[in-house]
Protein chains: 2
Amino acid sequence: MPKSKFESIYKDIKVKIENEEYEYQSFLPSEHTLIEVYDCSRNTVRRAIAELAALGYVQSMHGKGVRVIYQPLDQANFTIGGIESFKESAARNKKKFTTDVPFFEEIVVDKRMSKKTGFEEGTLVYYIQRVRSLDDIAMILDINMFSKELVPNLTKAIAKRSIYDYIEKTLGMQIVTSKRTMTVERITEADENYLDMDDYDMLAVVTSQTYNSDGLLFEYTQSRHRPDFFCFHDTASRKLS
Amino acid sequence: MPKSKFESIYKDIKVKIENEEYEYQSFLPSEHTLIEVYDCSRNTVRRAIAELAALGYVQSMHGKGVRVIYQPLDQANFTIGGIESFKESAARNKKKFTTDVPFFEEIVVDKRMSKKTGFEEGTLVYYIQRVRSLDDIAMILDINMFSKELVPNLTKAIAKRSIYDYIEKTLGMQIVTSKRTMTVERITEADENYLDMDDYDMLAVVTSQTYNSDGLLFEYTQSRHRPDFFCFHDTASRKLS
DNA sequence: GCCGATTTGTCCGTATGTATC
DNA sequence: CGATACATACGGACAAATCGG
């Protein structure tokens, strides 16, 4: 349930677009109209539209209107958009998923690690390796590092279940920003040991740093995906230089 | 040169962050302070800060302040962020780049193509294949489709030079939104023919649809990258459901 | 624990500029 | 030219979160 006004307007329009009540290439009602429909100020509808534009749902055109550019994607792919967990992703695609935790330890971040992960040297972290399977095929190897200070009392059982559930529901911590880098890399021995690589010899690798609501880095993760289970979707708007 | 006030404020703060005048993990001056510094309204500074947050430079915290979470990346990687052309990317990385155009034709989009590209069935498009080389190594195979109606008079020579220059400078068309999907795929015969694949047998594939300032789809591109020349960077903030 | 000062979040109304038709 | 539509900017009001005394 949206708590703010602009958010509920955003959602209402978003649903209408997804249901093609507002069709691809058509124009939204004008701001003036939307103000009356939702009984709010101009800033508020503009805020909602800005969110939709950031999502790639609409595009504003000066003096003309706001055009819908959303097209439903027919591919039954595993999309890793926004900040979404493996579990959510799998559930949405109706696959049976399991997680194994072959490695779970506490380590201290050294200089080399610090440079790679962004954690300060000397930080105590949980170092976890997790194998994610879909329909019993080991598809993803996750290498997680969580700050012990910010994510305390992590256990192997929690890692097997859902770390994000624990972080959000039990610790009440909010995940706000996530920086990601995607590359394609050759497999390592660890990959070969843990994953069902079929005859693939390369992996899609997503490394991410995640910040909590205090703006503190609490997670560094390297997620190594078998190529056939990997699809990343993205929308970019004009960037300010 | 920024034309709007919020944009110049955005840029000023952005530079200060990049120069570490505002350090990683430190707080920006309060909105109240920034209002006085830049002599503007609260909305205007908030707009600038919102842009910086969208870029992953800062993170706002209710009741506390705005924390800098930008870290300079030391990797000399080829980053394909925002909407950036191959040429810009190569230039930024100080490599010698060349483009060959082994295929250049006009075709009509059929039903199958339409579903894949988003162009309407029957649209007349330029179908172009381009091979991009860095320091004389063929690294990227681009398969472009441009609407002939929206991008008229395209020639092989322009394709060899820079299509984006032509679109922006000659046609005066503005590129606004770009939707992208990234996957990892096995190489095809065409890849093998055109690219220096070394001993790689897979490619990073970026497919993108690009919309102009009228909200019309004018380009569909599939960009096939050799894995060692591929790095994608991204920042995600909490998404509204 | 309370209270007040500070800081960010949401929302409103209005004015002016600029692009489109 | 005027009407319509989006873009930018200002100022003010109240809410909510944080922090220090």
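None of the values given here were measured: they were computed from a predicted structure.
Atoms CD (Q59(B)) and P (dT7(C)) sit 19 Å apart, rounded to a whole Å. In this structure, the CD atom of E51(A) is 12 Å from the P atom of dC11(C), given to the nearest Å. Taking atom CZ of F6(A) as the reference point, atom C1' of dG9(C) lies 9 Å away to the nearest angstrom. The separation between I35(B) atom CD1 and dT7(C) atom P is 11 Å, rounded to whole Å. With rounding to whole Å, N43(B) atom CG is found 12 Å from dT14(C) atom C1'. To the nearest angstrom, C1' of dT18(C) lies 14 Å from CD of E31(A). Atom OH of Y10(A) and atom P of dT10(C) are 14 Å apart (whole Å). Atom CG of L34(B) is separated from atom P of dT7(C) by 11 Å (rounded to the nearest Å).
Among dA15(C), dA19(C), dC11(C), the nucleotide with an atom closest to any side-chain atom of H62(A) is dA19(C).
More than 12 heavy atoms of other shown residues, nucleotides or ligands fall within 6.0 angstrom of atom CD in E18(B). Counting heavy-atom neighbours within 6.0 Å of Q25(B) CD, excluding the residue itself, gives a total above 12.
Bracketed by its first and final contacts, the part of DNA chain D lying under 4.0 Å from non-hydrogen atoms of chain B reaches from dT8(D) to dC19(D) in 5' to 3' order.
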- Item | Residue pair R67(A), D214(B): steps toward the side chain to side chain contact (heavy atoms under 4.5 Å, CB included) verdict | CA-CA 8 Å; R67(A) 176 169 269 160; D214(B) 290 326; 4.2 Å; yes
message = Is there a side chain to side chain contact (heavy atoms under 4.5 Å, CB included) between I175(A) and Y164(A)? Walk through the geometry before answering.
response = CA-CA 9 Å; I175(A) 295 152; Y164(A) 270 52; 3.3 Å; yes
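For the pair T44(A) and dC12(C), the criterion of a side-chain N or O lying under 4.0 Å from OP1 or OP2 is met.
No donor-acceptor pair closer than 3.5 Å links the side chain of Y127(B) to the backbone N or O of V108(B).
Looking at which nucleotide of DNA chain C each of S4(A) and M61(B) is closest to, the 5′-most match is held by M61(B). Nearer to the 5' terminus of DNA chain D, by closest-nucleotide assignment, is the contact made by C40(B) (compared with the other of D214(A) and C40(B)). Each of T33(B) and K64(A) lies near DNA chain C, and the nucleotide nearest T33(B) is the one positioned closer to the 5' end.
Among the protein residues, R47(A) comes within range of the sugar-phosphate backbone only, with heavy atoms under 4.0 Å from sugar or phosphate atoms but none that close to a base.
For the pair E7(A) and K11(A), the salt-bridge criterion is not met [side-chain N within less than 4.0 Å of a carboxylate O].
In this structure, dT7(C) and dA16(D) make a Watson-Crick or G-U wobble pair, each of the two defining distances being under 3.5 angstrom.
Considering only heavy atoms from C-beta on, M61(A) comes within 4.5 Å of F27(A) through its side chain.
No hydrogens or angles were tested; on distance alone, a donor-acceptor pair under 3.5 Å links the side chain of R42(B) to the base of dG9(C).
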